[in-house]
2 protein chains.
Amino acid sequence: MLIQRLAIIGIGLIGGSLARALKRAGACAEVVGCGRNTRNLQQAIDLGVIDCYETNPASAVKNADMVVVAVPLGTMAKTFATIHDALSPQAIITDVGSAKATVVSDAQQYLGQHFSRFVPAHPIAGTEKSGVAASFAELFEKHRVILTPLPETESQAVDIVSTMWQKTGAEVVKMSVENHDEVLAATSHLPHLLAYNLVDTLAKMDNQTEIFKFAAGGFRDFSRIASSDPQMWHDICFANKDAILSVLEYFNIHLTQLTKAIQQGDSQHIKNIFTHAKTVRDKVCG
Amino acid sequence: MLIQRLAIIGIGLIGGSLARALKRAGACAEVVGCGRNTRNLQQAIDLGVIDCYETNPASAVKNADMVVVAVPLGTMAKTFATIHDALSPQAIITDVGSAKATVVSDAQQYLGQHFSRFVPAHPIAGTEKSGVAASFAELFEKHRVILTPLPETESQAVDIVSTMWQKTGAEVVKMSVENHDEVLAATSHLPHLLAYNLVDTLAKMDNQTEIFKFAAGGFRDFSRIASSDPQMWHDICFANKDAILSVLEYFNIHLTQLTKAIQQGDSQHIKNIFTHAKTVRDKVCG
């Protein structure tokens with residue numbers, strides 16, 4: 001058995017799906033869930049996602065050989081501080097945060113002697129839905145999980161976290177913390193900001209009722225990610241601030257150029273942008 | 001039989017799907033397709049989408065009681081000028097253009113005495129795919145078709161075009177040309193520009209290979225519309241320039257505010273925007 005006692009702090013879409021996938025794979029003997037909301041935790045038990053629960057993270061991690069911290073980025077530091085004294089000396093700790101620099105910094109500050117067994121991780125999977133009711137065992141299949149271990153991270157801990165994710169059907173890759181945060185700012189954080197900003201902008205227009213009445217499939221697809229958890233994305237804006245601001249600036253330079261091209265009727269520029277984007281998108285997404 | 005001889009100028013996704021839907025409904029006796037590419041037209045015959053074809057629009061519209069102009073916005077004027085002399089005195093003419101002011105202006109200028117039988121129309125349906133091979137009879141089912149008739153448009157012509165679209169399973173609504181162009185700029189044209197600009201921007205970044213490697217489902221949905229036909233969207237930028245620039249400016253004001261909030265760590269502003277957007281999106285798209 002890969003994991004004897006798995007403690008998952010935060011039983012939402014990601015934490016719940018991980019528990020389901022590892023149970024399905026027979027990779028863990030027992031799953032302890034931890035959260036603040038007992039109704040949600042009881043639902044997780046009823047759904048067979050976890051075996052038991054605790055509302056105090058320190059109680060949840062007792063005797064756990066694997067601890068997955070699946071809380072919003074803004075509460076990582078507090079969670080690490082809370083579990084520090086209760087962690088087993090051999091426990092492996094990992095997370096699922098969408099930005100890695102702040103999580104690593106929080107872990108360094110609050111996990112103390114356990115920091116060398118902390119493996120920063122980010123599964124590139126999710127839906128616009130939240131909560132354990134939306135969780136499913138197949139969520140990570142054929143998706144990538146990025147690990148961003150540091151020079152001081154114990155290689156055995158990295159190997160076990162890798163194996164854990166492979167058991168869910170995911171492909172594990174490694175990259176630096178900085179590289180992760182830059183890449184994710186571009187492919188995930190920026191699109192979310194644009195989608196949130198678009199829906200908010202349209203909803204503030206005078207004729208918004210009519211606008212949304214005539215929103216077609218393109219709008220539906222484009223704006224799907226604006227249904228994501230506001231708290232989670234709020235936290236990401238703080239945790240990955242620099243990389244997000246940098247890619248936002250880059251996006252804006254290009255949008256200003258495109259706007260000017262439309263103003264001036266620069267046919268060639270407009271056609272070049274659209275054709276280039278279509279070619280790339282068709283290649284990337286098949 | 002609602003239509004005896006239906007001439008469709010431009011047998012792509014929209015023109016092809018309309019032909020399929022009307023044939024399925026038994027609403028037209030004969031469909032004449034018209035285009036420049038004979039291979040595409042022969043494919044349309046092989047697929048059973050059209051019954052015969054012409055490469056000259058003037059030949060295609062001869063004896064047609066219904067003429068649907070489904071060409072890019074940039075070639076509307078030329079098409080109207082070409083068919084003018086060959087149109088039957090009772091022929092009803094309509095279009096499927098994504099912007100209406102320029103089409104109406106082109107029709108007014110080039111259709112002459114036929115203009116009172118021209119019914120401007122826009123089916124709010126489509127996919128990111130193009131071409132007759134992508135067409136299907138169900139495309140318009142439960143979608144809206146907007147008609148923007150003018151005071152001088154014959155009401156009988158409006159009724160017949162309405163009935164034609166209803167036969168495809170669509171819901172027909174009417175609004176003013178100006179209102180249509182404003183609403184579509186917000187819900188359709190702006191999202192397309194943002195998606196094209198995002199993919200183009202990311203593709204120009206130094207680490208673009210890695211960026212696209214880690215693009216997840218959110219990116220895929222968000223960028224789907226960037227796979228749309230570049231020529232069509234190029235033409236829309238010209239045809240609906242003013243409304244597009246106006247909504248782009250409005251979007252930018254909000255994006256600048258959001259960017260500032262991220263810079264300054266204005267937690268409340270960020271949370272308000274995201275929560276508002278999620279609430280609206282969940283309500284609009286279910």
Side-chain angles (χ1 to χ4, degrees), chain A residues 124-125 144 183 186-188 191-203 205 207 210-212 214-216 218-227 230 233-234 237-238 241 244-245 248 250-251 254-255 258-259 262-263 265 267 270-271 273-278 280-282 284-285, chain B residues 124-125 144 183 186-188 191-203 205 207 210-212 214-216 218-227 230 233-234 237-238 241 244-245 248 250-251 254-255 258-259 262-263 265 267 270-271 273-278 280-282 284-285:
Chain A
I124 312 294
R144 290 199 171 87
V183 167
T187 53
S188 171
H192 277 81
L193 291 181
L194 296 176
Y196 275 128
N197 191 61
L198 176 78
V199 178
D200 177 68
T201 300
L202 298 193
M205 290 177 80
N207 48 350
E210 210 166 30
I211 280 176
F212 289 117
F214 294 100
F219 174 82
R220 180 178 285 267
D221 281 350
F222 183 94
S223 66
R224 180 162 293 121
I225 50 181
S227 284
W233 285 93
H234 163 275
C237 290
F238 280 75
K241 181 174 164 173
I244 287 174
L245 288 174
L248 254 175
Y250 198 58
F251 176 86
H254 286 257
L255 189 61
L258 179 57
T259 304
I262 295 172
Q263 270 163 348
S267 185
I270 297 169
K271 219 176 287 183
I273 300 295
F274 292 1
T275 307
H276 181 227
K278 178 181 167 55
V280 171
R281 205 271 171 191
D282 286 349
V284 171
C285 297
Chain B
I124 312 294
R144 290 201 172 86
V183 167
T187 53
S188 171
H192 276 81
L193 291 181
L194 296 176
Y196 276 129
N197 192 60
L198 175 78
V199 178
D200 178 66
T201 299
L202 299 193
M205 290 177 80
N207 48 351
E210 211 166 27
I211 280 175
F212 289 117
F214 294 100
F219 175 82
R220 180 179 285 266
D221 280 349
F222 183 94
S223 66
R224 179 162 294 121
I225 50 180
S227 284
W233 285 94
H234 163 276
C237 290
F238 279 76
K241 180 174 164 173
I244 287 173
L245 288 174
L248 254 174
Y250 198 59
F251 175 87
H254 287 257
L255 189 60
L258 179 57
T259 304
I262 295 172
Q263 270 162 349
S267 186
I270 297 170
K271 220 178 284 182
I273 300 294
F274 291 1
T275 307
H276 182 228
K278 178 181 167 55
V280 171
R281 205 272 171 189
D282 286 350
V284 171
C285 297

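Chain letters run A, B, ... following the sequence lines, proteins first, then strands; residues in each count from 1.
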Next on the checklist: As an exercise: rank B:Cys237, B:Ala203, B:Ser227 by heavy-atom pairs under 4.5 Å with chain A and give me the winner.
Outcome noted: B:Ser227

Next on the checklist: For chain A, which candidate among B:Val280, B:Ile270, B:Ile262 shows the most heavy-atom pairs at distances under 4.5 Å?
Outcome noted: B:Ile262

Item to check | Backbone N/O of B:Ser223 and side chain of A:Arg281: donor-acceptor pair under 3.5 Å | outcome: yes

Checklist outcome for this item: Scanning both residues in full, the closest heavy-atom pair of B:Cys285 with A:Arg220 reads O-NH1, 3.0 Å

Checklist entry - Checking A:Asp282 against chain B: side chain, backbone, both or neither under 4.5 Å from a heavy atom? => result both

Checklist outcome for this item: Scored by heavy-atom pairs under 4.5 Å with chain B, the best of A:Leu202, A:Thr259, A:Ile211, A:Leu193 is A:Ile211

Item to check | Side chains of A:Asn197 and B:His254, donor plus acceptor under 3.5 Å | outcome: no

Checklist outcome for this item: When the 4.5 angstrom heavy-atom criterion is applied to A:Leu248 and chain B, the contacting part is side chain

Checklist entry - Backbone N or O of B:Asp221 within a donor-acceptor pair of the A:Arg224 side chain at under 3.5 Å? => result no

Item to check | chain B contact via A:Ser188 - side chain, backbone, both or neither, heavy atoms under 4.5 Å | outcome: neither

Checklist entry - Is there a donor-acceptor pair closer than 3.5 Å between any side-chain N or O of B:Arg144 and the backbone N or O of A:Phe214? => result no

Item to check | Nearest-0.5 Å distance, CD1 of residue B:Ile273 to NE2 of residue A:His234 | outcome: 12.0 Å

Checklist entry - What part of A:Tyr250 is in contact with chain B, defined as an atom under 4.5 angstrom from a non-hydrogen atom: side chain, backbone, both or neither? => result both

Checklist entry - Of the non-hydrogen atoms in A:Lys241 and B:Gln263, which two are nearest, and what is the gap between them? => result NZ-O, 2.6 Å

Checklist entry - For the residue pair A:Tyr196 and B:Ala277, what are the closest heavy atoms and their distance? => result O-CB, 3.4 Å

Checklist entry - For A:Leu255, is it the side chain, the backbone, both, or neither that has a heavy atom closer than 4.5 Å to a heavy atom of chain B? => result both

Checklist entry - Does the pair A:Phe222 and B:Thr187 meet the rule for a side-chain contact (heavy atoms from CB on, under 4.5 Å), with working shown? => result CA-CA 10 Å; A:Phe222 183 94; B:Thr187 53; over 6 Å; no

Item to check | Among the listed options A:Asn207, A:Leu198, A:Leu258, A:Ile244, the residue most often paired with chain B at heavy-atom distances under 4.5 Å | outcome: A:Leu198

Checklist outcome for this item: Pair count under 4.5 Å, heavy atoms only, with chain B: among A:Ser267, A:Ala195, A:Ala125, highest is A:Ser267

Checklist entry - What is the distance from atom CD1 of B:Ile225 to atom NZ of A:Lys278, rounded to the nearest 0.5 Å? => result 12.5 Å

